[in-house]
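Since the structure comes first, as structure tokens, the remarks are kept for the end.
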Amino acid sequence: MMDDLYNNVNVFHKGRKISIAQHWDSPSDRVEYDDAYGMLFDTAAAVQEVGIIPDDDDWSSMRTERFGKSLTHLIKVLEGIRDEIDQQVHNESSGKGNARATQSATGSTT
């Protein structure tokens with residue numbers, strides 16, 4: 001029954017696992033019956049969010065970013081998550097932070 005209350009898709013970027021999720025408050029909130037058409041329709045989710053799953057899988061410490069109903073907004077949130085991961089990977093690989101910003105600040109170029 002609880003499985004009916006969420007959709008979850010996991011994708012990966014540079015070894016990091018990203019969760020794209022939708023949550024409903026109750027099964028009746030998820031599905032709406034339309035008498036005119038005799039069909040069931042999914043209704044809007046109570047929460048739609050994207051988050052980078054922590055390496056220790058402790059979801060309670062995961063920061064999430066909510067997204068709206070539009071594809072454009074979902075893409076914008078995913079691009080932000082991607083950029084956050086890219087920046088972390090860049091900083092970790094050099095151990096010196098953002099080298100490009102350091103060069104700009106000192107006026108040096110390569």
Side-chain angles (χ1 to χ4, degrees):
M1 183 71 129
M2 288 300 289
D3 289 344
D4 293 341
L5 297 180
Y6 66 91
N7 286 328
N8 191 290
V9 174
N10 293 316
V11 296
F12 293 85
H13 181 66
K14 296 191 176 178
R16 298 300 308 267
K17 188 175 183 182
I18 297 99
S19 168
I20 305 168
Q22 294 178 300
H23 307 273
W24 287 265
D25 293 329
S26 70
S28 61
D29 289 340
R30 178 165 182 185
V31 178
E32 173 180 302
Y33 187 78
D34 187 323
D35 289 325
Y37 295 100
M39 298 173 67
L40 294 175
F41 296 95
D42 278 344
T43 58
V47 175
Q48 299 185 122
E49 59 191 357
V50 177
I52 302 169
I53 298 175
D55 291 332
D56 63 2
D57 272 344
D58 180 8
W59 288 53
S60 65
S61 67
M62 180 170 72
R63 184 184 64 79
T64 60
E65 182 76 28
R66 291 190 176 190
F67 63 92
K69 293 181 182 181
S70 76
L71 177 60
T72 301
H73 192 240
L74 173 58
I75 290 169
K76 182 178 178 181
V77 169
L78 289 171
E79 287 175 338
I81 295 287
R82 179 203 56 209
D83 294 347
E84 181 180 333
I85 292 170
D86 288 349
Q87 184 63 39
Q88 288 174 352
V89 169
H90 174 76
N91 287 341
E92 291 169 3
S93 66
S94 69
K96 296 182 180 183
N98 188 339
R100 195 173 284 232
T102 302
Q103 288 176 349
S104 297
T106 61
S108 63
T109 59
T110 53

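For reference, positions follow the sequence shown, starting with 1. The basis for the numbers below is simple: all heavy atoms, side chains too, and nothing from hydrogens, waters or symmetry mates.
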Heavy-atom pair of closest approach, residues M62 and I52: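 Closest pair (atom of M62, atom of I52, distance): CG-O, 3.2 Å.
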A21 versus N8, closest heavy-atom pair with distance: CB-ND2, 3.6 Å
Within one Ile-Leu-Val-Met-Phe-Trp-Tyr cluster: V11 and L74, side-chain cutoff 4.5 Å: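 Yes, V11 connects to L74 through the hydrophobic network.
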Connected via hydrophobic side-chain network under 4.5 Å: V9 and L71: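 In one cluster with V9: L71, no.
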Please report the interatomic distance [atom1]([X]) to [atom2]([Y]), rounded to the nearest 0.5 Å.
X   : Y   : atom1 : atom2 : answer
D58 : I53 : CG    : CD1   : 11.5 Å
H73 : E65 : NE2   : CD    : 7.0 Å
E49 : H23 : CD    : NE2   : 4.0 Å
L78 : I20 : CG    : CD1   : 5.0 Å

Among R16, R63, H13, side-chain hydrogen bond (donor to acceptor under 3.5 Å, both in side chains) partner for E84: R63
Listed once per pair and sorted, the salt bridge (Lys or Arg N to Asp or Glu O under 4.0 Å) pairs that draw on residues 67-79, sequence neighbours left out: none
Check: Q48 side chain, G68 main-chain N or O, donor-acceptor pair, under 3.5 Å: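 Such a contact is found between Q48 side chain and G68 backbone.
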